[in-house]
Structures are given as C-alpha cells and as structure tokens.
Visitor: 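Before anything else, here's the structure in question.
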Amino acid sequence: MSETHSPTRRRLIDLASIGASSDSENNPFRITQRQLDAAAGILHLDPAIHELLSWPLRELHVTLPVRMDDGSVKIFQGFRVQYNDARGPCKGGIRFHIDETIDTVRALAAWMTWKCSLVDIPLGGAKGGIICDPRRMTAGELERLSRAYVRQVGHALGLEKDVAAPDVNTNSQIMAWMMDEFSFMRGYNEFGVVTGKPLALGGSVGREDATGRGVSLTVREAAKHIGLNLDGARVVIQGFGNVGSWSATLLQEMGCKIVGVGDISGALYNANGFDAPALQKHCRANQVIEGFGQGDKLSMTELLESPCDILIPAALENQITVTNAPRLKPRILAEAANGPTTPDADPILQANGVYVIPDFLCNAGGVTVSYFEMVQNAYDFYWDLPTVHKSLELKMVDAFHAVQTMAERYKVHTRIAAYLVAVNRVAEAVRLRGWA
Ligand code: NAD
C-alpha cells in the first residue's frame, strides 16, 4: 500500500503525529490509517468520509494524582479516545500498561470501530489506557488509580455515550471499582457504564472466556475453509493472559495440541502438548507461565518461529514483522491480539500461503458478549450460558463468512476484506446521518 494522499489527507496524517510517541512505520495509528486507505480505495469511498474515518472524533488526555501506600502521591497519565460513534455509543476496553501511548490507544479505538461494525452490533469504537506498571502496584493503589481515571473521564462515559471494558492488565474487579465510582458521580447505579463486570454486579455469564471462545470459533471456521483437521493440530500461543489461555483451553477441547506458549516471563515448548487448563490454573495463581515445570525454555523469537499449524499472537502489537514473517509457516495465523502484524509483513504471509484471521474479526468475541451484557443490563433480564454461547457463535460465524465472501468477491486478502465489510457499514451510517 502506498501513502499517496491528497494534500488535505497528508495534513491530517501530519497532525496525527502531535502528541504521538513514535513516528516510525510501526506506529500503530499510522498502520490503521494505511489499512483504511487500502479499503477506501477499493470501495471508492467519498473523500470526505475517508478523511472523517481516518481520525478520532474525540480524545481525552488526563493526569491522575494517586496516593500510594507509602503516603507519597504519584502522577499517572491516561487517555480515552472515542473514534467514531456513527453506528451507536462508543465501546472499548481500558489497558494498564507501562508502554501505553496515545497512538496505541487511537489505533485500538479505530480497530474497535471496525470490530463492532464487522460483527454487526450497534456500537461505535473507543479505547482507554493508563501508563502504569500494575505488577508493581498494590490492590489499594490500583483501586485509587481506577477511581481517579473515572473522576477525570467520567463526564464522557455512560450507557448512551461510551462504555468501557477490561483489556490488558485490567479485570472485572477494576471494572467494578470504575462502575462504583461512576455511579457515585451520577448519584444512582449505572451498571451499564462498563462491561466485563463481576456477575454479582450485572456482569454476563460467558464474558470471561468470550474473546478466547471467539478466537477458537474463527479458527474452527478457518480450518474448515482450508481443509485443516483440528484433531492434533499444533498450536503456538504468545501471551497467556485472558485471551491466550482461554483460546488454548477451548482449542484443546476441539482436539488441538498446545505445543508452544510464551508470555512476559519467557516461552516454553512441548512437542507432546501442554495441559492447557493446568497451565491456565498455574497462570491464575502466579500471573506468569514461569515455574510451570514442563516444556523446554525458548526465547520469544524462537517461540514465534516454532513449527506449528496455528499461530496465535495474544499479547501486544507489532510481533510479526518483515524480519520474522519469512520464517513463520503456520497454516493459520489467528490474530487474537490487536495489531500483532505490521503491514509490511502481510504480503510475506500471503506469499507463504498463511490464512490470516485478522485481529478485529478474530478477537471480536469479547466485545460481542460485552454488547450482550449491555442488552441484559438495559432490560435487567439475564441470559443463561447456552444462550450467550449460541448467540456468540452466530455472530462470529456470520462475521467470518462475511469476510470470506468479500475476500472472494474482490480477490483480496482477508484483512482487507474485513476492512471492506466494516468500513462500508460505518461509511453508510456516516452518510445517512449527513455527516459527510
Ligand atoms: P492479559 O493482560 O490478560 O494478558 C496479556 C498477556 O500478554 C500476558 O500473558 C502477558 O504476560 C503477555 N505479555 C505482555 N507483554 C508481553 C511481552 N512484551 N512479550 C510477551 N508477552 C507479553 O491481556 P488479554 O486481555 O489477554 O489481552 C491480550 C491481547 O488481546 C491484547 O492485544 C488485547 O488488546 C487483545 N484483546 C483482549 C480482549 C479481552 O477481552 N481481554 C478483547 C479483544 C482483544
């Protein structure tokens, strides 16, 4: 894809670097813009709609003073980006990470917009982040940080405006604190301001494993499409948190063998396959795979390049690049993480015949069940687990086939096909609302 744009578009891209942490080609926000450009060209998108969709509608940058346990006050930086709400209220998770930047959050907010559109739920896209190292913070400090964030961004949140959710290093307890703080600000309970809440506070059954379940369902559909038998299929997973560990457990239930796993503490390989639920239990207790006591130690580079049928990056952005892509030969790359593949790596994967399940299709299960949670909160009527599972499966399978159909119609790679489906729907909403 080239970066030849109109002068106005180029100016917008220059503006995009204001407040950005990095100008490199791997800047995730630039990547989302380049991917949108490719789809806009194929769709012959109206230039004004193309420009509008290249840029977040709103962003908040906040400074958060937090009293630490030792009595000192530490200052944290946070963000909330509302990318586009033409199709409904914004929706997106909140990440706690030491390397968080405004560009990561912008990119993730854009991907949320495309993701909600792709699974055809009536929501727009947003994302939030706080620059912090939660591993070095106590529960009390995390609670005060979570509440401080809501006090700063709360005026922009709400069931009708923007609904938050858990993401990297955030969980249902953090969502409960955020909902509680928001409800105090409002003066009444508003459970629906966040999803991924504990069941006792209006959470949905089936939310915890929803993203991993969506990953496993799209892998199942992709395997059927390319004729890969899942019985004994070898899986390598980078990242063994919520998404990675549930993907592993559910794929093992489908017959796959989890041969490689890695996380912040290192990587392990076992050609006979790990016991995924046991490893998940170990990680719940210890936060990391280190100390599991099975498998051979590898570097992260070696893990990604290990022989496998299905490779699942489930950690952070930009893990598959022009450098390692030539050595990756899985039959299926299931992008459970957001933005794990750089645009320059895509043609290499295509040339090697790798079937890519693009991120905002592959990991859409989480936001889909979050949407079910919002529906249940709004009606104050709660579904059973089979209803959640069946409804999620319908959405994921429909989205997978919409992308596959588009890929065949336009003879394009699955990532571009996913953009074509998603961008077209958002563009239609923008046009019908008279925004451009
Ligand atoms: P998590 O915090 O539960 O787990 C993250 C995992 O990544 C951990 O195992 C951690 O050790 C590992 N990790 C972190 N930094 C790493 C590094 N530098 N090298 C190797 N491993 C590293 O997060 P999660 O919720 O499982 O999210 C994982 C990915 O999935 C993210 O890209 C997130 O945006 C995406 N995602 C999550 C959800 C969700 O519902 N949780 C939904 C959609 C997408």
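Every number for a ligand or one of its atoms is a count from 1 in the order of the listing. Note that the numbering runs from 1 along the sequence shown for the chain.
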Visitor: Holding to ring pair (Phe, Tyr, Trp, His ring centres under 6.0 Å), I want the full list of residues that pass it with His282, two or more places apart in sequence or in another chain.
Guide: Phe292

Visitor: Let me know which protein residues bring a heavy atom to under 4.0 Å of ligand 1; chain then number is fine for ordering.
Guide: Arg95, Lys115, Asp167, Val168, Asn169, Arg207, Thr211, Gly239, Phe240, Gly241, Asn242, Val243, Asp263, Ile264, Met300, Ala314, Ala315, Leu316, Ala336, Ala337, Asn338, Asn363

Visitor: Please identify each residue that fulfils ring pair (Phe, Tyr, Trp, His ring centres under 6.0 Å) with Trp383, with sequence neighbours left out.
Guide: Phe372

Visitor: Just by distance, do the side chain of Asn171 and the backbone of Gln173 share a donor-acceptor pair under 3.5 Å?
Guide: yes

Visitor: Please collect all side-chain hydrogen bond (donor to acceptor under 3.5 Å, both in side chains) contacts where either partner lies in residues 148-157, sequence neighbours excluded, each pair once.
Guide: Arg151-Glu181

Visitor: Can Asn338 and Asp359 be counted as having a side-chain donor-acceptor contact under 3.5 angstrom?
Guide: no

Visitor: Can a side-chain donor-acceptor contact be found between Asp69 and Thr138 if the only test is distance below 3.5 angstrom?
Guide: yes

